[in-house]
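Everything on this sheet refers to the single structure shown next.
Whatever order the structure lists them in is the order used to number ligands and atoms, beginning at 1. The analysis underlying the following values was restricted to heavy atoms, covering all of them including side chains, and did not include hydrogens, waters or symmetry mates.
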Amino acid sequence: MTTTTTSNSALEVRNPSDGQLVGTVSVDDRDAVNRRATQLRLAQRAWAEAGPRQRSKWLRLWRDWILTHSDELTDLLQAETGKVRPDALVETTASCEFITYYADHAEEFLADERVKTAGLLSLPKRLSKTYQPYPLVGLITPWNFPITLFLMDAAPALAAGCAVLAKPSEETPLTCARVIDGWREIGAPPVLAHVTGAGDTGAAVVDAADFVQFTGSTATGRQVALRCAEQLKPVSLELGGKDPAIVLEDADLARAVEGVAWGGLFNAGQVCISVERVYVVAAVYEEFVARLTQRVQSLTQGADAGNDVGAMVTARQVDIADRHVSEAVAAGAKVVAGGKRGAAGNYYTPTVLVDVDHTMSCMTEETFGPTIPVMCVADEEEAIRLANDSTYGLSATVWTRDRARARRVARRLEVGAVNINDVFSNLFAMTLPHSGWKASGMGARLGGADGLHKYCRVRAVTEPRLPVRARELTWYPYSAWRTAIAAKMLRAAAGRGLSQRLGQNKEHRR
Ligand code: NDP
């Protein structure tokens with residue numbers, strides 16, 4: 001969409017494909033954010049005390065509401081984002097799996113955990129961990145997946161027992177707001193709400209929350225991290241990317257071409273883990289480019305049903321894609337498919353660029369658009385070196401028929417996820433962590449129990465295992481003989497590791 005501020009207190013949301021008005025939302029100022037935060041905190045206590053089983057009941061009812069309303073939600077999502085139907089449908093259906101997964105596992109993941117002792121001093125203790133939810137989670141999301149990126153974190157946070165204050169992007173606030181209406185419509189406790197507005201509203205949410213989950217650009221993520229650092233507030237950042245695809249000479253080329261085309265153009269390329277640059281080994285480069293060009297040229301673009309590639313959410317993003325293509329062409333690259341703005345609306349034609357290198361912005365900056373720059377490399381070694389030559393480290397794909405080789409390459413890539421002979425498959429793998437390396441993020445989301453524990457403070461609890469006496473050996477008053485005995489015992493216990501290591505060293509020397 002394209003938003004226009006109509007006054008200090010309202011934003012118009014327009015359809016990116018034709019500029020039609022879709023809706024209007026308020027601009028919530030700091031006071032409004034704080035009021036909403038206070039109400040959520042009040043309700044959160046009972047929510048936490050209700051326990052995971054009761055919370056899961058509400059989460060499942062909410063999921064059912066979303067699925068029952070998926071046609072309405074998909075229409076609205078298409079209108080505010082310009083997505084084609086299949087791209088929008090993933091958000092309003094498959095994303096409910098995040099709710100199901102955390103509803104099904106909350107009780108198990110939140111149970112108190114017994115922990116084994118280690119070391120002499122903790123030996124006589126019974127150790128355990130208990131999880132206490134952060135009272136208020138601030139959830140700040142971008143415009144490319146207004147529902148998926150919201151549910152990915154709202155589901156585990158609510159399941160953990162937190163209240164959630166969401167701040168969707170000013171560009172696409174409507175569908176997220178409607179999904180949150182659903183929470184109210186099922187009569188769930190008032191622990192989920194949203195505020196609307198731009199960066200100032202987001203900054204107020206950061207200040208109001210106890211834990212901040214931010215998804216968005218690296219530039220804004222850095223500002224959010226600084227703000228949280230000042231307040232010593234925990235924050236998790238899912239940021240931008242420039243994901244490489246590596247196509248080796250033994251790849252199944254038909255699959256690699258289809259995967260790279262879809263991975264680069266799905267959602268008009270506005271996916272944090274889009275294929276943003278491709279390195280193809282010389283032996284198969286010509287054939288790969290010919291097939292990819294053919295596939296990309298065959299795709300249709302538009303808002304009507306049956307089209308493959310939709311509009312881009314913002315005109316600003318079209319400008320970025322256009323700049324990357326024209327800068328590359330000016331530096332010697334060739335457009336073999338697309339490379340043009342659409343006649344109307346926020347469209348950019350699906351594009352393939354060749355003769356590109358790392359002096360060009362299309363290979364180094366996040367484009368976040370429907371462009372696929374392809375570079376010829378000598379071999380696997382050069383592909384890995386160039387793939388790692390980036391400030392980002394979100395994810396990557398590797399295409400080869402040799403599984404062992406694929407795993408070997410994957411281990412050398414400086415990224416948070418590698419999909420072998422596939423794209424995006426880590427996205428809905430809820431038992432895997434999603435984390436960006438380098439400038440792509442800090443912390444992680446999902447990842448089974450970790451995805452829920454991240455929304456909790458962990459409390460360590462110790463209890464004496466044996467009946468207690470008035471005082472422990474290590475307590476006051478100190479005496480010379482007890483200190484001497486304690487020193488012997490501690491040295492013996494601590495040195496066990498040392499003597500084992502010395503033994504190992506002797507083995508090595510033999
Ligand atoms: P932005 O960083 O511009 O905005 C993200 C969110 O932060 C929006 O809701 C925005 O509000 C809000 N915001 C802006 N300023 C502040 C502030 N000072 N304090 C708090 N919140 C603020 O990102 P985009 O919306 O442009 O999203 C695209 C980016 O998101 C890309 O870089 C993409 O790679 C990344 N992304 C990362 C993902 C991941 O999982 N790693 C997934 C999806 C996207 P408003 O929009 O209203 O200004």
Does Ala198 come within less than 4.0 Å of ligand 1, judged by its heavy atoms?
yes
Consider ligand 1: state whether an atom of it lies below 4.0 angstrom from any non-hydrogen atom of Pro173.
no
Number the atoms of ligand 1 from 1 as they appear, then name those within less than 4.0 Å of a heavy atom of Thr141, with their elements.
6 (C), 8 (C), 9 (O)
Which one holds for [X] and ligand 1: side chain close, backbone close, both close, or neither close, with close meaning a heavy atom under 4.0 Å?
{"X": "Arg227", "value": "neither"}
{"X": "Gln223", "value": "side chain"}
{"X": "Thr215", "value": "both"}
{"X": "Asn144", "value": "side chain"}
{"X": "Ile273", "value": "neither"}

Non-neighbouring partners of Glu230 that pass salt bridge (charged side-chain N to carboxylate O under 4.0 Å, His left out), sequence neighbours left out:
Arg227
Between Phe288 and Trp399, is the ring centre distance below 6.0 Å?
no
For Trp62, which of Phe98, Trp183, Tyr102 qualifies under ring pair (Phe, Tyr, Trp, His ring centres under 6.0 Å)?
Trp183
Are any of the protein's heavy atoms under 4.0 angstrom from atom 4 (O) of ligand 1, yes or no?
no
For ligand 1, is there an N or O atom under 3.5 Å from any N or O atom of Leu239?
yes
Quick one about [Y] and [X] (side-chain donor to acceptor, distance below 3.5 Å, no hydrogens or angles considered), yes or no?
{"X": "Lys242", "Y": "Ser440", "value": "no"}
{"X": "Asp243", "Y": "Ser395", "value": "yes"}
{"X": "Gln213", "Y": "Ser236", "value": "yes"}

Please check if the number of heavy atoms outside Arg222 that lie under 6.0 Å from its CZ is greater than 12.
no
Selection from Lys167, Gln270, Glu276 by shortest heavy-atom distance to atom 45 (P) of ligand 1:
Lys167
May I ask you to identify the nearest protein heavy atom to atom 26 (O) of ligand 1, giving residue, atom name and distance to one decimal place in Å?
Trp143 NE1, 3.0 Å
